[in-house]
Amino acid sequence: MSELGQASAEAVELLLSGDAVLWSIISVSFSVSLRAIAIATPIALFAAFTLAYTSFPGRRMLVTATNTLMAVPAVVIGLSVYLLLSRGGPFGDLRLLFTQSAMIIGQILLCLPLLIAMAHAAFQSGDQRAWETALTLGATRWRAMRTVMYEIRFGLLAAVIAAFGRIIAEVGCSMMVGGNILYHTRNIPTAIALETSKGAFSQGIALGMVLLGFALLLNVALGYAQGSGEIDR
Amino acid sequence: MSELGQASAEAVELLLSGDAVLWSIISVSFSVSLRAIAIATPIALFAAFTLAYTSFPGRRMLVTATNTLMAVPAVVIGLSVYLLLSRGGPFGDLRLLFTQSAMIIGQILLCLPLLIAMAHAAFQSGDQRAWETALTLGATRWRAMRTVMYEIRFGLLAAVIAAFGRIIAEVGCSMMVGGNILYHTRNIPTAIALETSKGAFSQGIALGMVLLGFALLLNVALGYAQGSGEIDR
Amino acid sequence: MSTEASTNLIEVRDLNLTLAKRRVLNIESVVIRRGEIIMLAGNNGSGKTTLLKIIAGLIRAPEAHFRCLGSPMNGEQAAAFCRGRHVYLHQTPYMFDGSVEDNVAYGLKQRGRDFAQRRIEIRDALAWAELEHLVHRHAHELSTGEKQRVALTRARILAPSLLLLDEITANMDSISRRRTYEMVADFKRAGSTVVFATHDHEPLEAIADVRLELSKGKLAPTDRRAAAVIPLRRDSSIHES
Amino acid sequence: MSTEASTNLIEVRDLNLTLAKRRVLNIESVVIRRGEIIMLAGNNGSGKTTLLKIIAGLIRAPEAHFRCLGSPMNGEQAAAFCRGRHVYLHQTPYMFDGSVEDNVAYGLKQRGRDFAQRRIEIRDALAWAELEHLVHRHAHELSTGEKQRVALTRARILAPSLLLLDEITANMDSISRRRTYEMVADFKRAGSTVVFATHDHEPLEAIADVRLELSKGKLAPTDRRAAAVIPLRRDSSIHES
Amino acid sequence: TTTTTENSGLIHYLIDAFESHHDFEVSVIATGSGRALRHLANGDVDIALTHAPSLESELLASGQAINHQAVMYNDFIVVGPARDPARAGINNGIVGVFRALAASEHLFISRADESGTHLRESALWAMAGQKPQGRWYRQSGQGMGKTLQIADELDAYVLVDRGTWLAYSKKLRLRLIYQGGDHLFNRYSVLSANPALHPDTNQLGARSFTTWLTSSPAKQLMRNFAIDGHQLFTPLL
Ligand SMILES: Nc1ncnc2c1ncn2[C@@H]1O[C@H](COP(=O)(O)OP(=O)(O)OP(=O)(O)O)[C@@H](O)[C@H]1O
Ligand SMILES: Nc1ncnc2c1ncn2[C@@H]1O[C@H](COP(=O)(O)OP(=O)(O)OP(=O)(O)O)[C@@H](O)[C@H]1O
Ligand SMILES: [Mg+2]
Ligand SMILES: [Mg+2]
């Protein structure tokens with residue numbers, strides 16, 4: 001355990017000294033995952049809204065499918081993306097394999113089911129009168145959708161935070177399609193996996209703490225934005 | 001891709017022929033994750049309820065902490081549990097490392113933040129009058145809590161399904177503390193990781209599909225239990 | 001869409017609605033004429049709310065036949081036409097998460113009013129409703145009656161051609177009720193139309209032109225009196241938002 | 001806890017309540033006597049709901065002094081004592097996700113009534129409220145007035161010693177209103193106590209013993225008339241659930 | 001490349017030297033030999049450094065890889081509990097060791113991941129005329145380091161390459177049980193992607209890296225690379 005303390009101290013020292021390797025790993029992590037979540041969120045919100053507010057044949061089946069897809073292992077998504085992007089695959093000519101773009105694609109696929117399912121739950125628990133009130137006051141369906149989203153923003157934000165947590169911490173898919181290449185596609189989780197495979201557990205945990213530290217910063221910022229989150233209606 | 005079709009066909013054949021290895025892997029997966037979720041859920045529900053329905057100093061900090069902890073990589077949790085359970089660690093004498101118990105502990109820790117955060121969001125979006133009505137009609141606080149949970153069960157179920165999806169598909173922690181030992185601690189995700197490391201990608205995806213198939217069964221069953229999930233209040 | 005000055009705002013024929021396998025409405029024909037005050041009476045569960053929501057375009061009646069401002073429409077078209085044009089007030093109003101001012105501003109924003117103009121209109125409307133002291137309050141903190149009054153202000157400010165009021169005086173105190181009835185009369189004077197569902201018959205009967213009586217989803221024969229009490233001023237502006 | 005036959009069910013002194021930094025209640029003293037019908041009047045936002053919820057133990061008033069059935073208590077203790085003993089009916093009632101029967105059964109279950117007994121009591125109560133036809137309906141599908149009547153039945157069946165009614169007739173039709181006022185009178189006959197917040201003064205004034213008037217969180221001097229209209233039958237059973 | 005060369009640090013040590021003399025940038029993807037060769041066959045990488053002779057020859061035979069060059073070697077060893085409860089260490093020759101292990105039914109951890117090490121282990125069991133199965137034969141399905149740790153926790157025997165052993169031995173209680181002999185020889189080779197199948201691979205880079213790896217300066221670097229004074233890899237001529 002003292003070894004762990006030492007590794008953490010070293011990690012903090014490296015952080016502060018602006019160590020290029022460490023900072024590149026961190027920036028790959030956050031730049032990839034933030035871009036993935038930025039692309040996935042609007043898609044998921046729209047899909048979840050459609051599932052909750054419209055009625056069409058197969059709607060219920062889609063909900064079940066979304067719930068099921070949450071159980072796809074990251075590495076299977078990684079494999080699938082790999083097979084699609086690999087030179088022999090249908091999108092091999094794009095030369096995306098082992099790039100950040102590939103990681104982003106993988107992470108989008110990874111977080112979509114979670115985002116859709118949780119956003120759907122949030123829409124469902126919302127008050128139908130919000131939708132009706134918006135429409136009757138002259139909002140277009142598009143505006144009314146945004147109004148409803150604003151009303152249930154706590155639930156939606158929780159979904160986005162959960163999805164972000166899933167992809168920022170994910171290793172199987174990033175490893176598979178990113179390749180863990182230093183300065184290019186090595187992010188914190190794949191770096192941790194590497195340290196761990198070397199038996200350098202303390203370094204692994206120290207990296208984990210660095211990740212947590214930055215996630216905390218992000219959450220504190222979001223927390224300020226979202227208000228107290230206590231029930232006081 | 002035809003290779004993938006062949007691997008899937010083989011997987012189905014093995015399933016149907018009652019292949020001992022495949023069935024042991026599947027049963028390890030589901031028995032470990034179902035037990036983990038069964039233990040984690042009541043704890044998380046109680047914690048989420050407390051966060052939503054009581055006011056105490058530090059409450060808001062705890063919410064932020066929970067949100068942050070969703071970003072802990074599985075392998076870091078795996079490492080921490082490993083260090084606790086290994087011979088040199090504080091709980092080494094229990095000899096739990098590389099057993100299913102260790103996997104269960106790891107998976108509980110892994111899904112708790114997600115469960116708490118999503119359940120908290122569900123409680124927040126619930127109607128405060130449910131709580132008041134239950135109390136004024138003579139329910140104890142304990143019963144009133146269960147009533148409120150019943151009222152928001154869609155949201156809670158979505159949380160449980162998401163958490164289950166996270167741990168049934170998770171590889172980093174199970175690999176670390178379970179050891180991927182055939183017939184003992186090899187579950188579907190670690191088996192997929194193994195196939196992948198061999199370069200047997202198709203077999204990996206086929207196993208992923210087996211996992212999905214069983215997850216689908218579970219979700220269809222839950223879907224019947226939960227009703228349509230359409231807004232019709 | 002034809003906006004010719006038809007005297008009928010909306011006509012519905014063969015209005016049969018089934019919800020959760022139960023026949024909720026079974027109305028042969030109902031007509032809302034421009035400039036009338038219509039009182040919608042009926043016991044609990046007789047279908048008042050459902051009928052108002054159909055006229056507001058919030059519930060679809062796929063099998064009914066509509067005629068909006070003279071144009072024939074099916075259920076789908078009528079819902080799209082009515083939505084946002086006919087303003088419906090919920091029996092238990094929903095307040096958007098924001099201040100009272102935000103709530104009152106909502107509809108004006110949808111109509112593209114600019115900030116300065118909105119501000120003035122909102123202050124005036126809140127002053128009328130004697131809610132000025134609540135302008136910066138969070139709408140979720142209001143008492144039930146206050147919510148109802150804010151919801152009325154939020155709808156009234158839009159000056160819709162058809163206002164659908166669902167027992168909105170239920171939780172109001174006596175002063176606010178009186179003011180609400182005055183507003184209804186004002187609306188009529190301005191050429192607008194109001195349908196008012198209520199259980200308090202007396203005050204409304206004094207100003208209503210028509211009384212519709214629902215009973216178990218069926219409409220009793222209409223009692224159409226001469227629109228006498230308040231003179232109809234057709235010259236005043238008709239807001240066709 | 002002393003349950004001596006104090007004539008005062010509950011007394012509150014120095015009731016100052018601040019919500020969201022706004023002084024909502026500022027009451028020197030309020031007393032609820034056993035067996036009385038108390039009418040709680042006051043304009044929108046005057047604090048009726050808040051006062052009722054405090055007496056129901058649903059909102060804590062930490063700085064006030066309570067005396068429940070004669071025993072002095074602080075805000076925390078009083079809330080715990082009142083909760084579940086004094087039954088509060090929301091102004092806009094909440095229906096549990098289930099049938100009308102499930103909803104009415106809820107309180108009885110908490111009191112440990114067995115299934116067969118519950119069934120009979122529920123049928124009787126629903127028959128009284130003329131809601132028998134709704135017994136298997138899902139409570140979320142009900143109309144607003146129907147919900148209010150189910151909520152009243154759900155509370156009434158518990159025969160609480162103190163019933164706190166928050167404008168519950170607001171959305172009821174005239175028959176249901178009349179029946180509700182009859183029930184209040186019945187309750188008094190059975191020795192129970194009712195506090196009734198309302199904006200419909202006339203019907204209640206005929207049977208109320210006391211009229212409390214709230215204005216901006218302050219209580220006007222109490223108008224306590226001789227409890228004359230309905231004779232108080234002290235011998236009848238007093239339900240002290 | 002295989003994980004062993006990255007985990008020990010050798011590959012970066014070599015690449016730094018290579019990049020300082022050449023105009024190429026080398027990106028490293030560390031993974032098992034099986035997967036590394038699979039990437040190569042798919043044309044997703046230009047060059048692979050692996051230690052799985054049988055897989056390598058398969059790939060060469062089917063034309064999915066070209067330009068095979070042996071680079072260096074180290075050796076496998078058997079490690080196990082210090083008490084040596086199976087009395088394996090007293091045997092002469094690896095065949096005797098494996099027979100003793102099977103006879104004692106003391107816990108043995110196999111990587112069972114079709115890695116170079118696992119393929120060698122299987123070959124050794126076959127030579128010993130054994131078909132290992134039963135509760136004593138546990139399959140970890142993981143990398144070398146992880147498997148060593150499992151063996152350590154469970155007091156089990158395991159076949160391990162010397163490089164990993166040197167990197168981990170300080171933290172472990174396991175002891176060296178047996179070493180030496182031709183059957184424990186562990187060869188690392190480079191292969192390049194076949195430009196006929198994947199014309200857009202970087203053939204020039206692959207060729208110059210291969211040439212450099214087998215050059216004498218690179219060999220000197222390999223000889224110099226050591227952990228705690230133990231040389232990990234020996235270059236092949
Ligand atoms: N949670 C809260 N936060 C802040 N202010 C509140 C809160 N709840 C109520 N208030 C304010 O307290 C005052 C009294 O509210 P209350 O609901 O008790 O009024 P009421 O007499 O029941 O009115 P009504 O007749 O409209 O039901 C109102 O001005 C209301 O806006
Ligand atoms: N979504 C629904 N599903 C099933 N039945 C419904 C639904 N909505 C309303 N109903 C039923 O339709 C009938 C008419 O309801 P509606 O709300 O229109 O009545 P109302 O006249 O407005 O009554 P109130 O005076 O109580 O407001 C009621 O019996 C109600 O239970
Ligand atoms: Mg209604
Ligand atoms: Mg009130």
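Values below: all heavy atoms of this structure, side chains included; hydrogens, waters and symmetry mates excluded. Every chain is numbered from 1 and lettered A, B, ... according to where its sequence line falls, protein lines coming before strand lines.
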Measuring only between side-chain heavy atoms, which start at C-beta, is [X] closer than 4.5 Å to [Y]?
| X | Y | result |
| --- | --- | --- |
| B:R166 | A:M70 | no |
| A:P73 | B:L211 | yes |
| A:I205 | B:L83 | yes |
| A:V75 | B:V171 | no |

Exercise. Do you know which two heavy atoms are closest between B:A71 and A:A169, and how far apart they sit?
Worked result: O-CB, 3.5 Å

Exercise. Looking at A:G155 and B:A121, what are the two nearest heavy atoms and their distance?
Worked result: CA-CB, 4.3 Å

Which atoms of [X] come close to chain B, meaning under 4.5 Å heavy atom to heavy atom: side chain ones, backbone ones, both, or neither?
| X | value |
| --- | --- |
| A:M176 | side chain |
| A:Y82 | side chain |
| A:L79 | both |
| A:L212 | both |

Problem set entry | Region of B:I168 in contact with chain A, defined by heavy-atom distances below 4.5 Å | side chain

Problem set entry | B:F214 portion near chain A, given a 4.5 angstrom heavy-atom threshold | neither

